[in-house]
Trainee: 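Before anything else, here's the structure in question.
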Amino acid sequence: GRSWTEISVRGESAHTCSVPRGQNAIEDLSELLQDIKALPEMDDMIDVPEKYQEIILDSKPQMDEAYGEGATERILRPRVNVGTIEGGEKVNLVAETATAEVDLRLPIGTSTQQTLDRVEELAAEYDSDFTVNGFSRKDPTYSDYEHPVFQYLQRFAGEVRDIEEPAFSCALAGTDCSFYREKGVPCAVYGPSPHNLGSQNEYIYIDDFEQVIKAQAIASATYLSDQA
C-alpha cells in the first residue's frame with residue numbers, strides 16, 4: 001500500500017540579524033520528518049497476518065537476491081521516503097513556510113488511514129502550525145496464495161526455468177493487482193527481475209523476460225483448461 005502525504009508548516013519570518021524573533025519553518029519541518037522516518041520502528045504500526053508473514057520470511061533468500069539485502073524487512077515494515085521538500089524565501093530570511101511530500105509504503109495488515117492518523121499525531125506534538133494532507137492513498141491488498149492460479153504459476157515458473165518452484169512473497173512496489181483484488185479477483189504478480197530499479201539505466205534481461213512470458217502463457221492456458 002502507499003500513502004502520499006503533503007506536510008506543510010508556517011513559521012514566522014525575520015531577518016537573519018534578528019533570528020530569535022522568527023520561527024524557522026524549515027527547521028520545524030525537518031524535526032517532524034525525523035519523527036516520521038522512525039515510523040518503521042514502531043511495532044504497533046505492524047500487523048502482517050501470521051500466515052503471510054511466514055511465507056515472506058521463507059522467501060528471504062530469493063527476495064534479497066532479487067531486490068538487495070534487507071528486501072524482506074522492507075516488505076514487513078512501513079517504508080518512508082521524503083520525495084520533495086521546499087521552503088523559505090531568501091538566504092538571509094528565517095523561513096516562514098516549508099512543505100515536503102512523503103511517500104509512505106505500507107505492509108499488508110496496515111491501513112493508510114492508520115498511517116495518516118499517526119503522522120497527524122506526531123505533528124500535533126509540536127507547537128508549530130502544521131498541515132497534513134494525504135493527497136493520494138491506496139490500502140495494501142493481497143490474494144490467497146493457496147488459490148489455484150498461484151499454484152499453476154508457481155509450478156510452471158519452476159518448470160520453464162528448470163529450477164525448484166519459486167517462493168511466494170509480497171511485492172515491494174505497487175501493482176495494478178489492487179484494482180482486481182478490490183473486485184474480488186485473485187491476482188498474482190510474476191515478472192522479470194529489475195536491475196537499477198527507479199535509477200539510471202534501469203533494465204531487465206531478455207531471456208528472463210522470455211521465460212516469464214512462457215510461464216505465464218502455459219500457466220494461464222492450463223488453469224483455464226482445467227476450470228472449463
Side-chain angles (χ1 to χ4, degrees), residues 1-4 40 45-68 70-79 103-116 134 136-195 197-198 204-205 207-228:
R2 61 165 172 78
S3 178
W4 290 350
M45 290 288 296
I46 305 164
D47 191 23
V48 179
E50 184 175 353
K51 172 181 177 179
Y52 295 92
Q53 191 171 100
E54 290 177 357
I55 67 160
I56 291 170
L57 291 173
D58 287 344
S59 70
K60 177 177 172 57
Q62 295 90 337
M63 289 299 294
D64 284 2
E65 180 181 355
Y67 292 98
T72 301
E73 287 71 19
R74 295 198 298 274
I75 292 174
L76 291 170
R77 289 183 175 273
R79 286 161 284 141
D103 183 359
L104 292 149
R105 296 288 168 150
L106 311 176
I108 58 176
T110 308
S111 73
T112 55
Q113 186 61 55
Q114 174 190 9
T115 307
L116 185 61
S136 181
R137 295 190 286 162
K138 196 78 172 177
D139 280 331
T141 65
Y142 56 95
S143 299
D144 187 352
Y145 61 86
E146 294 180 349
H147 189 278
V149 70
F150 284 82
Q151 306 305 315
Y152 281 100
L153 188 54
Q154 183 186 49
R155 169 189 163 189
F156 289 110
E159 289 187 8
V160 167
R161 293 181 182 273
D162 193 25
I163 59 173
E164 290 186 18
E165 293 180 344
F168 292 124
S169 189
C170 290
L172 276 167
T175 72
D176 288 342
C177 282
S178 60
F179 298 105
Y180 293 95
R181 291 173 183 148
E182 289 170 357
K183 300 296 183 181
V185 179
C187 192
V189 176
Y190 177 59
S193 296
H195 301 270
L197 180 63
I204 61 173
Y205 287 109
D207 59 344
D208 190 12
F209 176 71
E210 291 175 341
Q211 289 175 332
V212 165
I213 295 298
K214 185 176 180 180
Q216 289 178 342
I218 298 173
S220 299
T222 306
Y223 170 71
L224 294 173
S225 175
D226 290 351
Q227 297 298 311

Trainee: Within a radius of less than 6.0 Å around CD of Glu164, do more than 12 heavy atoms belonging to other residues, nucleotides or ligands occur?
Mentor: no
Trainee: Taking Ser59 for the side chain and Gln62 for the main chain, is one N or O donor matched with an acceptor at less than 3.5 Å?
Mentor: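 Between the backbone of Gln62 and the side chain of Ser59 there is no qualifying donor-acceptor contact (under 3.5 Å).
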Trainee: Above 12 or not: heavy atoms from other molecules or residues under 6.0 Å from CZ of Phe209?
Mentor: no
Trainee: Is there a side chain to side chain contact (heavy atoms under 4.5 Å, CB included) between Leu57 and Leu76? Walk through the geometry before answering.
Mentor: CA-CA 9 Å; Leu57 291 173; Leu76 291 170; 3.6 Å; yes
Trainee: Could you go through the side chain to side chain contact (heavy atoms under 4.5 Å, CB included) check for Phe168 and Gln151 one step at a time?
Mentor: CA-CA 10 Å; Phe168 292 124; Gln151 306 305 315; 4.1 Å; yes
Trainee: Could you measure the distance from the CD atom of Glu182 to the SG atom of Cys187? Nearest 0.5 Å is fine.
Mentor: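 Separation between the atoms: 11.5 Å.
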Trainee: If you look at every heavy atom in Cys177 and Ala188, which pair is closest and at what distance?
Mentor: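 Closest approach of Cys177 to Ala188: SG-O, 4.1 Å.
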Trainee: Exactly one of Ile56, Thr72, Asp58 should register a side-chain contact (heavy atoms from CB on, under 4.5 Å) with Met63. Which one does?
Mentor: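 Going through the options one by one, the only one that passes is Thr72.
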Trainee: Does CG in Asp162 sit with more than 12 non-hydrogen atoms of other residues, nucleotides or ligands closer than 6.0 Å?
Mentor: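 Atom CG in Asp162 is not crowded, with 12 or fewer foreign heavy atoms closer than 6.0 Å.
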Trainee: State, yes or no, whether a side-chain contact exists between Ser193 and Asp208 at a heavy-atom distance under 4.5 Å.
Mentor: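 They are in side-chain contact.
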Trainee: Applying salt bridge (charged side-chain N to carboxylate O under 4.0 Å, His left out), run through Arg137 and Asp139 and close with a yes or a no.
Mentor: CA-CA 7 Å; Arg137 295 190 286 162; Asp139 280 331; over 6 Å; no
Trainee: Would the Tyr52 and Tyr145 ring centres measure less than 6.0 Å apart?
Mentor: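 When the ring centroids of Tyr52 and Tyr145 are compared, they turn out to be within the sub-6.0 Å range.
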Trainee: Tell me if a side-chain donor or acceptor on Gln216 pairs with a main-chain N or O of Tyr190 at a distance below 3.5 Å.
Mentor: yes
Trainee: Please examine the side chains of Lys138 and Trp4, heavy atoms only from C-beta on, and report whether any two atoms are closer than 4.5 Å.
Mentor: no
Trainee: Counting distance only, does the side-chain N/O of Arg2 pair as donor-acceptor with the main-chain N or O of Asp103 below 3.5 Å?
Mentor: no
Trainee: Rounded to the nearest 0.5 Å, what's the gap from CZ on Arg74 to SG on Cys170? Could you check?
Mentor: 14.0 Å
Trainee: For Phe156 versus Ala219, what's the shortest heavy-atom pair and its separation?
Mentor: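 Minimum heavy-atom separation between Phe156 and Ala219: CD1-CA, 3.7 Å.
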Trainee: Please report the interatomic distance CZ(Arg181) to CG(Asp176), rounded to the nearest 0.5 Å.
Mentor: 10.5 Å
Trainee: Are there more than 12 heavy atoms of other residues, nucleotides or ligands under 6.0 Å from atom NZ of Lys51?
Mentor: yes
Trainee: Do Arg77 and Pro107 have side-chain heavy atoms sitting under 4.5 Å apart?
Mentor: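 No - every pair of side-chain heavy atoms lies 4.5 Å or more apart.
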Trainee: Can you find a heavy atom in the side chain of Pro49 that is under 4.5 Å from one in the side chain of Ile108?
Mentor: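 The answer is yes; the side chains approach within 4.5 Å.
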Trainee: Which pair of heavy atoms, one from Pro194 and one from Leu197, lies closest together, and at what distance?
Mentor: CB-CD1, 4.0 Å
Trainee: So, does Arg79 use its side chain to make a donor-acceptor pair with the main chain of Arg105 at under 3.5 Å?
Mentor: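 Between the backbone of Arg105 and the side chain of Arg79 there is no qualifying donor-acceptor contact (under 3.5 Å).
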Trainee: Answer yes or no: is there a side-chain heavy-atom contact under 4.5 Å between Glu159 and Arg155?
Mentor: yes
Trainee: Please walk me through it: do Gln211 and Lys214 pass side chain to side chain contact (heavy atoms under 4.5 Å, CB included)?
Mentor: CA-CA 5 Å; Gln211 289 175 332; Lys214 185 176 180 180; 5.7 Å; no
Trainee: Should we say atom CD of Glu65 is surrounded by more than 12 heavy atoms from elsewhere, each under 6.0 Å from it?
Mentor: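 No, not enclosed.
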Trainee: For Phe150 and Leu153: C-alpha separation, side-chain torsions, deciding distance, then whether side chain to side chain contact (heavy atoms under 4.5 Å, CB included) applies.
Mentor: CA-CA 5 Å; Phe150 284 82; Leu153 188 54; 5.8 Å; no
